[in-house]
Amino acid sequence: MVQQYVPFDASFGALADATRRGVLAQLGTGDASITALAERFHMTLTGMKKHVAVLERAGLVRTEKVGRVRTCRLGPRCLDEEAAWIEDYRKMWAARFDALDAVVEELKLKERKNGN
């Protein structure tokens with residue numbers, strides 16, 4: 001059962017960091033060099049390279065070296081599988097809260113009938 005979610009480890013691990021989520025948002029507006037991303041997020045080039053490497057391993061970012069510049073762009077994965085996995089749990093929790101609401105409503109009706 002746990003094995004089924006192993007591919008998600010890289011993507012959820014990558015998304016767990018605010019800087020990496022910010023990099024994805026930035027790349028959503030257009031390609032950028034690692035240097036430009038480092039400047040945008042006020043960090044060292046080495047630090048940004050580490051964040052980009054994590055995003056690359058998750059398939060969320062691709063880099064291409066042209067001359068001396070390494071350009072980053074959004075990767076081929078679009079988190080569809082992760083979104084579907086989250087949606088299944090969202091539906092489960094919604095059903096549980098609906099069931100809880102029904103129990104609470106039933107208890108309220110019983111209280112009204114008993115004059116409380």
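The figures here come from the full heavy-atom set of this structure, side chains too, leaving out hydrogens, waters and symmetry mates.
- Residues satisfying the side-chain hydrogen bond (donor to acceptor under 3.5 Å, both in side chains) criterion with R21, sequence neighbours excluded, are absent altogether.
- Panel note: side chain R73, backbone E64; no donor-acceptor pair is recorded below 3.5 Å.
- You'll find the side chain of E39 reaches within 4.5 Å of the side chain of T35, heavy atoms only.
- Ion pairing between a basic and an acidic side chain is recognised when a charged N comes within 4.0 Å of a carboxylate O; E111 and K108 show no such pairing.
- Residues that satisfy the side-chain hydrogen bond (donor to acceptor under 3.5 Å, both in side chains) test with Q26, not counting sequence neighbours, are R40.
- Residue L15 shares its hydrophobic cluster (ILVMFWY side chains chained together at separations under 4.5 Å) with V23, L24, L27, I34, L37, F41, M43, L45, M48, V52, L55, L60, V61, L74, L79.
- Partners of E105 by side-chain hydrogen bond (donor to acceptor under 3.5 Å, both in side chains), not counting sequence neighbours: none found.
- Within the model, atoms NE2 of H42 and OG1 of T19 stand 11.0 Å from one another, a figure rounded to the nearest 0.5 Å.
- Put simply, L109 and V104 are part of two different groups of oily side chains (I, L, V, M, F, W, Y) that touch within less than 4.5 Å, one to the next.
- With sequence neighbours excluded, the residues satisfying side-chain hydrogen bond (donor to acceptor under 3.5 Å, both in side chains) with S11 are E82.
- When every heavy atom of A58 is checked against every heavy atom of A10, the shortest pair comes out as CB-O, 3.5 Å.
- Screening residues 11-37 for ring pair (Phe, Tyr, Trp, His ring centres under 6.0 Å), with sequence neighbours left out, gives F8-F12, F12-W85.
- The shortest side-chain heavy-atom distance between V54 and H51 does not fall under the 4.5 Å cut-off.
- Under a hydrophobic clustering in which Ile, Leu, Val, Met, Phe, Trp and Tyr are joined whenever their side-chain heavy atoms come within less than 4.5 Å, directly or via other members, I86 and M92 fall into the same cluster.
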